[in-house]
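Following: one structure in structure tokens, then a few remarks.
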Amino acid sequence: MAADECNIRVVARFRPLNDSEERAGSKSVVKFPADQEETVLISGKVYVFDKVFRPDSTQEKVYNEAAKEIVKDVLSGYNGTIFAYGQTSSGKTHTMEGIMGSDGQQGIVPRIVQDIFNHIYTLDANLQFQIKVSYFEIYLDKIRDLLDVSKTNLAVHEDKNRVPYVKGVTERFVSSPDEVFEIMEEGKNNRHIAVTNMNEHSSRSHSVFLIHVKQENVESEKKLTGKLYLVDLAGSEKVSKTGAEGQVLDEAKNINKSLSALGNVISALADGTKSHVPYRDSKLTRILQESLGGNARTTIIICCSPASFNESETKSTLEFGKRAKCIKNSVMVNEELTAEEWKRRWEKEREKVARLKGQLNRAEIELERWRRGETVNKEEQINLQEPDETLPVSQSITSLSTAVLAAPIATVTGVTPIAPVNYELRSTNADEWEKERTALYQQLDEKDDEINNLAQAIERLKSQTNEQDELFNQARKDNENLQAELNRLQQECESSKEEVKEVLQALEELAVNYDQKTQEVETKSKENETLTQELETKLASLNGIREELESLREATQTQRKRFLDMILVLLRDVGDIGSIMGGQMHEQKKPTIENLDQAEEEFTLARLYLSKLKTEARSISGRLSELELEKVDHQKGIGLKDKELDETHLLVQQHEAKMRSMIESMKELEDKKRALEQTQDSLNEQLVKLRAQGRVTNSVGSTSDVQKELTQQMEQISEQHQKQLTTLRDEIRAKETQMETLKDSLQKLQLSYEKLSGDFEKLKKEETGKSSRLQEMTLQQERREQAKQDLKGLEETVAKELQTLHNLRKLFVQDLQTRLKKSQKQPEAEDDDMGGSVAQKQKISFLENNLDQLTKVHKQLVRENADLRCELPKLEKRLKATMDRVKSLEQALKDAKESAMKDRKRYQCEVDRIKEAVRQRNIARRTNAAQIVKPIRAGVNPSTTTSTPIPTIRGGSGSQTMDQ
Ligand code: ADP
Ligand code: MG
């Protein structure tokens, strides 16, 4: 298997100026020459790395150019390491982790994990992978498992190929990126839980994430393994700058120690001349042993701040990178070989060794010749660079052993000529040294183990002592509590005892009282008996009286019934009267008797009713007199009206006579008129005759005189006639007007007559109505009078009845009293027949009082007795309860005392045991103190190494004490 030499890749990453730097006015002091991605200038000095990432570089770019190829390497069976170096807040964690879960901001670790799986998915199906991860941190040179918080101080061991590994670290098999992320999250959470200030802690601890990839080709059975260390180192700043003090300083020193050990290792490796590389100075360097100068492809990411404030720090970081860049690793595939393969290789190596031996022999011969002063021809000289001798010895050895011990390689590769004797000596010496060194290393590992065990034992003891302390405290507290409880119980006991005493006293008093009371009760009961006897006799007499009373009551009852019947009858009569009296009384309720007990009430009601009737009668009589007066007035009016009527009759008759005479005169006038008209007609005829005569005469001629005479006569007659006519007409007219007026007056008279007759009719009617009413009234009056008389009679009878009733009552009461007296007298009559009633009464009342008092006292006594009887069992119960309580308290007291004693004993035992353990441990320490050894390392000057001697303790005293 061939091993390739390759340099450690170093890339530098500059982060942008951060806020605080910008606020402080810091300027960027780094310059990046254009078109050169490998160089960086800082205050004029040039640094060259494999790559320089500028502040604007993305996470993706950093990953692609600094870390991506490691994935393929690891999956091809190589070991790989990426670690970030730089001062605090220079961007180490940002570069390694970034923001998990963010596509753009996630760092190298999540991207690698993702890529490993992605790559596996593209590989041959015959390949079977097994991936496991570990996550731990190194803090104060102690390895703390982040996936199992109980593992706080893990040891570093070497496997059979002398490759260091962390023994006992938790390994989790994973099958997807998400599982890995979950584990990382878990580890980070555990880290957070354990510390108070995470920022400070993370800047002082190295966190290591290890991915272990194992693959097997199912067909060819070829097995490859690759380990990838992803390390976020602690801040590389100097102690002075942080201004740390005390424990912080200690921590800083320790961190610085591991980092300076890292620096020393890198220096030693870079130097190439130093035979010893101090990997064992710190756990960090031991873990990174393979990565630095061993079998691993290593990339160091140098993280820097560009600020002027951090210039010196940046420079020292860059110097570190520069040194690391010189380191050469020899990498090879980690292949698990089959026995045949091993054999073949061995054959090959043997051939090679034989060939080399031949070469060496020829060289030695040539050397002899040279030493003898001979000159060797150019052709005869041995050519060490012959084509079949290309492999350098160092490499072959490395590839055979795979041990990464640089020292022997360095000695072999050193080309200084060595004298053969010296060489022999040195080779034997070297062998011895080598043996001694391996032995010492083995011892060292053993010591490491021991230290680890002891540390664990100490931890356990510490926790035990803590537990014991807690127990002790608990026991003390318990004891105190118990003591308090005890005191309380004692106090309670005392108080309950007192209580019991009091109760007993009270009971005694009660007993005495009870006796007295019973005596009293006895005397009283005797008295009571006599009294009851008396009472019985009295009761017997009372019964007799009661019977009599009963009979009397019956008699009164019958009387009452009779009386009530009477009253009923009376009332009915009254009611009838009322109904007779008329309408106004209708609304009044007629008294009815439904109940014997209501009789008196009803009677008073009847009285009321009567009085009302009286007032009613009075008002009616008043009304009657008024009506009579009215009647007289009306009669007077009627007389007047009669007179008027007679007068008008007379007038009418006169007018009728007048009218008759008028009518006669009219007839006369008519006759006259007719006679006049007859005369006028005759005259007119005479006139006509005369005229005819005149004409005849005129015609004859001699008749003019006669005519004249005739006309004269005619004129005289007509004048007379005319005069007569006019007077007649005037007379007629006057008569007519007279007739008219007469007619009018007649009409008027007729009208007034009619009116008068109507009035008369009306008056007549009124008079008849009034007279009928009067008649009614008089009838009513009469009835009323009668009723009044009846009522009077009734009242009298009622009064009489009432009187009799009253008398009866009186009689009854008297009778009762006499009977009562008699009954009272009867018992005394035996002693004193005559017995003064007053004295007897007094005695009776006295006796009665006595009896009352006695019964009262008796009752009270009985009650008291009952109460006491009730009280007694209660008191007894209470007494019993208190007794029980006292007993239980005493028992509890006893128990508490016993448990306290037990606790005390246990506690004493525990204390003794701890004391013994501590003593034994001290003894063990003292016995081992003499055997502290200093590791001696070959080719190492102890004065130049910074490592301090590690005290180791031999023997398993720690575990022995632990087991106890
Ligand atoms: P370190 O782990 O070295 O102590 P961090 O990685 O925690 O430092 O970084 C400190 C701060 O600077 C963080 O807030 C981080 O986000 C920021 N930071 C670091 N590097 C970069 C970068 N390249 N780009 C942007 N921010 C960064
Ligand atoms: Mg950090």
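Every number for a ligand or one of its atoms is a count from 1 in the order of the listing.
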Heavy atom of Gly235, distance to ligand 1 below 4.0 Å: no

Would you check if the side chain of Asn7 reaches a backbone N or O of Arg9 as a donor-acceptor pair within less than 3.5 Å? no

Looking at the Mg ion (ligand 2), is one of the N, O or S atoms of Thr93 less than 2.8 Å from it? yes

Run the side chain to side chain contact (heavy atoms under 4.5 Å, CB included) test on Ile112 and Ile82 for me, step by step, so that the C-alpha distance in whole Å, both residues' side-chain angles and the decisive distance to 0.1 Å come before the verdict. CA-CA 11 Å; Ile112 281 178; Ile82 298 175; 3.6 Å; yes

Can a non-hydrogen atom of Thr88 be found less than 4.0 Å from any atom of ligand 1? yes

heavy-atom search around atom 12 (O) of ligand 1 in the protein gives Arg15 CD, 4.3 Å

re atom 4 (O) of ligand 1, the protein heavy-atom contact at minimum distance is Ser89 N, 2.6 Å

Taking 4.0 Å as the limit for heavy-atom contacts, which would you say applies to Arg13 with ligand 1: side chain only, backbone only, both, or neither? side chain

Glu137 and salt bridge (Lys or Arg N to Asp or Glu O under 4.0 Å): which partner among Arg204, Lys283, Arg191? Arg191

Parallel, tilted or perpendicular, judged at 30° and 60°: which one describes the rings of Tyr135 and Phe209? perpendicular

So for Pro16, does at least one of its heavy atoms come nearer than 4.0 angstrom to any atom of ligand 1? yes

Look up atom CZ in Phe129 and atom CG in Leu224, then write down how far apart they are to the nearest 0.5 Å. 8.5 Å

Polar side-chain atom of Lys325 near backbone of Ile8 as donor-acceptor pair, under 3.5 Å: no

Is atom 21 (C) of ligand 1 touching the protein, meaning some protein heavy atom lies under 4.0 Å away? yes

The protein heavy atom nearest to atom 2 (O) of ligand 1 is Thr93 OG1, 2.6 Å

Would you say atom 10 (C) of ligand 1 has a protein heavy atom nearer than 4.0 Å? yes

I need the single residue from Ser89, Cys304, Cys303 that forms a side chain to side chain contact (heavy atoms under 4.5 Å, CB included) with Arg15. Which is it? Ser89

Looking at atom 16 (O) of ligand 1, what's its closest protein heavy atom, distance included? His94 ND1, 3.7 Å

Give a yes or no answer on whether the side chain of His206 reaches the backbone of Ala234 with a donor-acceptor pair at less than 3.5 Å. yes

For the 3.5 Å polar cut-off, considering only N or O atoms, please tell me whether Thr95 and ligand 1 meet it. no

Enumerate the atoms of ligand 1 whose separation from the nearest heavy atom of Gly91 is less than 4.0 angstrom. 1 (P), 3 (O), 5 (P), 6 (O), 8 (O), 9 (O), 19 (C), 20 (N)

Where does the angle between the aromatic ring planes of Phe117 and Tyr121 fall among parallel (under 30°), tilted (30 to 60°) and perpendicular (over 60°)? tilted

For the residue pair Tyr85 and Phe320, is the inter-centroid distance of their aromatic rings smaller than 6.0 Å? yes

What part of Ser57, side chain from CB on, backbone N/CA/C/O, both or neither, has a heavy atom under 4.0 Å from ligand 1? neither

Distance below 4.0 Å between atom 14 (O) of ligand 1 and any protein heavy atom? no

Under a heavy-atom criterion of less than 4.0 Å, does Gln87 contact ligand 1? yes

